[in-house]
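Reading through the structure tokens given below for one structure.
Each residue takes its place number in the sequence, starting with 1. For ligands, and for the atoms within them, numbers begin at 1 and follow the listed sequence.
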Amino acid sequence: MITFKDITIQYDDFIAVKKLNFDVKEGEFFTFLGPSGCGKTTTLRALVGLTQPSSGSIYLNDRDITKLPTEKRDIKMVFQSYALFPTMTVFDNIAFGPKVNKVDKGMIEKKVHEIARKVDLTSEQLSKKVSELSGGQQQRVAIARALVNQPNILVLDEPLSNLDAKLRVQLRNELKSLQRNFGITTIYVTHDQEEALTLSDRIAVFNKGEIEQIGTPQEIYEQSATEFVCNFIGDSNDMTTLVHRYPEKFPALNFRDHRHFYTRIEKLKLFTSDQSYSLNEDEVAFEGVLVDTEYYGIYTKYTIAIENTIIRTILKEKLPMEELQNQKVRVVLNQQHVLQYA
Ligand SMILES: Nc1ncnc2c1ncn2[C@@H]1O[C@H](COP(=O)(O)OP(=O)(O)OP(=O)(O)O)[C@@H](O)[C@H]1O
Ligand SMILES: [Mg+2]
């Protein structure tokens, strides 16, 4: 288990991360999620031993590793910029670690080919120089190089950021199954919420050097603990103005402790004005006007003006009307789905 206890990291006067506390369990896939500059890479560098915390301690299975040199930590990192050896071949880059560890030559040959296959690098590519590969291919070399030693802990800093959408999903699934099969404790950094939600056992959401929430993907999404998390993850509607204008419609909300109110866009129901629908308990209806429709194939996204609040929602089935623009519609929301913040 990895434990961060009150870790603060400063660059001169600037506090990059502040009093971080979290545990990563053995075999867990743990993700740091947050916008650019929030301290994700800095935190990873401290774990790997490339940056010294200003205060606090890092433990690995109850052993204090805060001051332990990098090479003694058995943690492999894939960097945001891959840090490959550009003039060496792909094969030699991947084989670098095993060679240093004096692994038998035949064994290295076997391991490198095995891992290359897993990340979709061909034998032809193995004999090329790294500098002759595309960004996405280099990224896969970096992942292969980290995996070839089967480290106990794998640290990946935005390892898929240079890949096209399709390869990204393919490699994402590959990473997940490698991680499961080998049971490698993995710390993964991304600012891509979809990646975080699909891959992680747990996610830590960072904002300005602090962790706003730690939880399973479902907890982070369904019960976002702060307004920042709610806005950073998923798509939400800011219902604050509307709720304050009609407080009598929302008896289930806690107005004493909360002033900001949101809903996830997919939680809303939408009807044309001539469709009949009887409200369930806790449901509230608003009349609105449809201002925009976007067809995405798998769903359709509707933009609705309720007085001067703009609401978006998605439906799998299109609304049953020909002319949609400026039509009157009814939006139904369940008060239990309202996310409330101070
Ligand atoms: N060596 C350094 N010296 C001074 N400030 C730094 C240094 N490295 C990082 N910082 C600052 O610390 C903050 C956190 O940086 P960090 O690289 O950890 O962010 P990040 O979350 O990884 O962002 P990104 O998603 O863009 O990679 C930023 O404001 C950055 O400017
Ligand atoms: Mg970074």
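Checking Asp282 against Gln336 by side-chain atom types alone, a donor-acceptor pair falls below 3.5 Å.
Looking at ligand 1, you won't find any N or O of Ala16 less than 3.5 Å from one of its N or O atoms. At least one N or O atom of Cys38, backbone or side chain, sits closer than 3.5 Å to an N or O atom of ligand 1.
Each of the following atoms of ligand 1 lies closer than 4.0 Å to a heavy atom of Gly39: 14 (C), 18 (O), 19 (O), 20 (P), 21 (O). The Thr42 neighbourhood of ligand 1 comprises atoms 14 (C), 15 (O), 16 (P), 18 (O), with distances under 4.0 Å to a heavy atom of that residue. Close approach of ligand 1 to Phe14 is summarised as follows: ligand atoms under 4.0 Å from at least one heavy atom of the residue are 11 (C), 12 (O), 13 (C), 29 (O).
Annotation: cation-pi pair Lys269/Tyr277 absent, no NZ/CZ under 6.0 Å from the ring centroid and within 45° of its normal.
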Legend entry - Stepwise ring pair (Phe, Tyr, Trp, His ring centres under 6.0 Å) check, Phe206 with Phe232: CA-CA 10 Å; Phe206 279 65; Phe232 193 74; over 10 Å; no
Inset, instruction - Please report the C-alpha distance between Arg264 and Glu222 in whole Å, then the side-chain angles of each, then the deciding distance to 0.1 Å, and finally whether the salt bridge (charged side-chain N to carboxylate O under 4.0 Å, His left out) criterion is met. - result: CA-CA 9 Å; Arg264 294 283 175 213; Glu222 305 268 347; over 6 Å; no
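Contact between Gly34 and ligand 1 is absent, with no heavy atom of the residue lying under 4.0 Å from the ligand. Using a 4.0 Å cutoff on heavy atoms, Glu158 counts as a contact of ligand 1.
Among the backbone and side-chain atoms of Thr41, an N, O or S atom lies under 2.8 Å from the Mg ion (ligand 2).
Between Glu219 and Arg202, no side-chain nitrogen of the basic residue sits less than 4.0 Å from a carboxylate oxygen of the acidic one, so the salt-bridge criterion is not met. No salt bridge links Lys25 with Asp201; every basic N to acidic carboxylate O contact stays at or beyond 4.0 Å.
Neither the backbone nor the side chain of Phe206 comes within contact range of ligand 1; no heavy atom lies under 4.0 Å.
Nearest to atom 19 (O) of ligand 1 by heavy atom, out of Gly209, Ser36, Gly37, Ala46, is Gly37.
Tyr302 contributes a side-chain N or O that, together with a main-chain N or O of Leu319, makes up a donor-acceptor pair within less than 3.5 Å.
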